[in-house]
Amino acid sequence: MIPIAVPLLADEEADAARAAVLSGWVSQGPQVAAFEREFAALVGAPFACAVSNCTTALQIALAALDIGIGDEVITVSHSFIATANCIRNQGAVPVFVDIEPETYNIDPRRLAEAITPSTRAIIAVHQMGMPCDLTALTALAEQYGIALIEDAACAAGSQIQVNGHWERIGKPHGRIACFSFHPRKVITTGEGGMLTTADAVLDQKFRLLRHHGMSVPDTARHDSPRVIFEQYLVPGYNFRMTDIQAAIGRKQLQRLPELVARRRAVAANYDGLLANFSGLRIPKEPEWARSNWQSYCVRLPDHLDQRRVMQHLLDRGIATRRGIMCSHREPPYISPNQRHDLRQSEIAQDHALLIPIYAQMSENDIHLVLEALRAEFAR
Ligand SMILES: Cc1ncc(COP(=O)(O)O)c(C=O)c1O
């Protein structure tokens, strides 16, 4: 069986988790603080705040910006449903705009026409690790005075060229960037998330919100020689990461450059081998973007039925996934009044196919995927 993804976890991660357990401090503590420092340094962000997953990161991002009832947030329908849910759960309205067919990312040209007096923020998704056009998006956000939040769930290790320099996603280019460490991502802590920002006030709000709005962290109370009475300053949440997860995350972070390099090699291999499959569209990086290749997404030619191709590949032991879901087609978001044309999003969901990619993929694995696809094209 060739799975769609395999995390690379080894003795280093197991030893780190064991050490965290044996330290006696397993909830949010020194390992989380160290993971935050190391993540911030790696991506070039002034502040990084660890949380329980990317869904809660997005929720906190909106809450910290005081986005709520009556506000509109522009985003893509073509994303994992958490992107839309965090807006709805905050009491705001998600306004969906279409994607560019080449990158599967928000189309900046369509964004301006979606802005209304109620628009407070844009959530731009770096879908499947492919960076969005942040140069265009930051300019628009600035022009209209709205916040840009990056849903970087899939984008740890991706890079973008800004003013001639290559920078990691998370630097952050918008106000806030949110990451996921789910096992389907390039690095994992089992479940986990991170917010980065350049804004010290926002970072303080994240820390309050993730910890019940509590005025002092547990570590400060624990270490203090004097009695401290805490206060609960805002209605917060329990969105904390554990020290066991953070200890694993620190080891994963050390592997990140190597993991991305290996994925890029697999993607380059696929690019070459799939180039002459008639009618198959392979993914392409804009010249200003370097994907971490969290996923490798091909567009099937119209004559091939997506579900049948997926079933035939599964019968041969090869797992695939259909194109990224569209939230506007799911019950909470189905509406006869979608404001904007979402045709490219629907085409991508119905005709795209995610094929296996992971750092440890062997030449033989790639060959098996290729042979299975070749058989579909020969049918
Ligand atoms: C684009 C996007 N946003 C948000 C999430 C939610 O991440 P998590 O599972 O860490 O909550 C995902 C997860 O797949 C995602 O792909």
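We count ligands from 1, going down the list as the structure has it; atoms in each ligand are counted the same way. Atom set for the values below is all heavy atoms of this structure, side chains included, hydrogens, waters and symmetry mates excluded.
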Protein contact of atom 10 (O) of ligand 1 - nearest heavy atom, named by residue and atom, plus distance: Ser180 OG, 2.7 Å
Check: Arg240/Gln28 side-chain N/O donor and acceptor closer than 3.5 Å: no
Short side-chain donor-acceptor distance under 3.5 Å, Thr103 and Glu100: yes
Between Arg110 and His340: side-chain donor-acceptor atoms closer than 3.5 Å: no
Candidate with minimal heavy-atom separation from atom 2 (C) of ligand 1, of Cys54, Ser52, Cys86, Ala153: Ala153
Option of least heavy-atom distance to atom 11 (O) of ligand 1 (set: Thr55, Val76, Thr75): Thr55
Atoms in ligand 1 with a heavy atom of Val125 nearer than 4.0 Å: 1 (C)
Pair Gln59-Gln90, side-chain donor/acceptor within less than 3.5 Å: yes
Atom indices of ligand 1, in the order listed, that fall short of 4.0 Å to a heavy atom of Thr83: 3 (N)
Candidates Arg250, Lys251, Gln252 - the one meeting side-chain contact (heavy atoms from CB on, under 4.5 Å) with Phe35: Arg250
Per-atom contacts, ligand 1 versus Ser79 - under 4.0 Å to a heavy atom: 1 (C)
Nearest neighbour in protein (non-hydrogen) for atom 3 (N) of ligand 1: Asp151 OD2, 2.7 Å
Between CD1 on residue Ile324 and CE on residue Met128, distance to nearest 0.5 Å: 4.5 Å
Donor-acceptor side-chain pairing of His78 and Glu346 below 3.5 angstrom: no
Atoms in ligand 1 flagged as close to Cys154, the criterion being non-hydrogen separation under 4.0 Å: 16 (O)
Option nearest atom 16 (O) of ligand 1 (shortest heavy-atom distance, choices Arg184, Gln127, Lys185, His78): Lys185
